[in-house]
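This report refers to the structure that appears directly beneath it.
We count ligands from 1, going down the list as the structure has it; atoms in each ligand are counted the same way.
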Amino acid sequence: MNIPNHVAIILDGNGRWAKSKGMPRNYGHTMGAKNVEGVCRAAYDLGIRYLTFYAFSTENWNRPRAEVEAIMNLLESYLKNCQKIAKKNNMRVRVIGDLSHLDSKFQENIKALEESSAAYDGLCLTIAINYGSRDEMVRAMKKMTKDCMAGELGVEEINEEKFASYLDTAGIPDPDLLIRTSGEQRLSNYLLWQLAYSEFYFTDTPWPDFHEEELKKAVEAYSARDRRYGGLKEEEIHV
Ligand code: FPP
């Protein structure tokens, strides 16, 4: 089977999943957070090397304050606990997004986790918090412009590779497969640059029910696809 090196996931449907069970939305987020570790393990066992989760978007601040607080608390406690998980599973953890809007203690914990897990060479887990792809590109453009004005970067040096090196995802290969759970079929401002050549897989399964078997189905669907990148595949060239 052709296993994707990097899988990006838009975790969706926590709220609807909880509602279908007659429970409050935040219960869905709690169970959604609980699902993360199992999916990381299943991904690694399948041979996936990079996994990137969309946990909180720049637009998610528009939710009711109590829900935003509950999600932030869940993310904070997951990342605190993640030091142990990273060590146990040899997992490198990175966080992308504009972290300057997060509570300073939360920012310190993220930095400590990134530093302490930097040398682990198992799964590379990336979590997007206060992330929006347009915002990421604007931040990258600002940094590039400053470097140009400081004489550290020449305009002629700017190409796709250079631009990518200014994005939050610098050093992480582009996703081969994007999965979105819970029925919606849109990108919602997620990794717009990085997903240029990725395969997309949409499932009706809500995130809290998306376990190992669902991940395998997505990888099987990916494996059955014919990826061409606009060119011809090796065997077609010699026909
Ligand atoms: C998507 O469901 C969930 C979110 C945007 C909230 C954040 C995700 C978690 C708490 C999961 C934990 C993640 C990590 C990495 C620890 P939704 O609320 O948009 O669901 P709905 O579309 O049914 O309303």
Listed partners of Lys105 passing salt bridge (charged side-chain N to carboxylate O under 4.0 Å, His left out), at least two apart: Glu108
Can the ring centres of Phe53 and Trp207 be said to be less than 6.0 Å apart? yes
Determine whether the side chains of Arg92 and Thr126 contain a donor N or O and an acceptor N or O closer than 3.5 Å. no
Side chains of Tyr166 and Met137, heavy atoms from C-beta outward: is any pair under 4.5 Å? no
Exercise answer, ligand 1 polar atom pairs (N/O) under 3.5 angstrom:
from	atom 1	to	atom 2	distance (Å)
ligand 1	2 (O)	Gly13	N	3.3
ligand 1	2 (O)	Asn14	N	3.2
ligand 1	18 (O)	Arg25	NH2	3.0
ligand 1	18 (O)	Arg63	NH1	2.8
ligand 1	19 (O)	Asp12	OD1	3.2
ligand 1	19 (O)	Arg63	NH2	2.8
ligand 1	20 (O)	Gly13	N	3.3
ligand 1	20 (O)	Asn14	N	3.2
ligand 1	20 (O)	Gly15	N	3.1
ligand 1	22 (O)	Asp12	OD1	3.0
ligand 1	22 (O)	Arg16	NE	3.3
ligand 1	22 (O)	Arg16	NH2	2.9
ligand 1	23 (O)	Gly15	N	3.4
ligand 1	23 (O)	Arg16	N	2.7
ligand 1	23 (O)	Arg16	NE	2.8
ligand 1	24 (O)	Arg25	NH1	3.0
ligand 1	24 (O)	Arg25	NH2	2.9

Scan side-chain atoms only and decide if Asp174 and His6 contain a donor-acceptor pair under the 3.5 Å cut-off. no
Which of parallel (below 30°), tilted (30 to 60°) and perpendicular (above 60°) describes Tyr190 and Tyr54? parallel
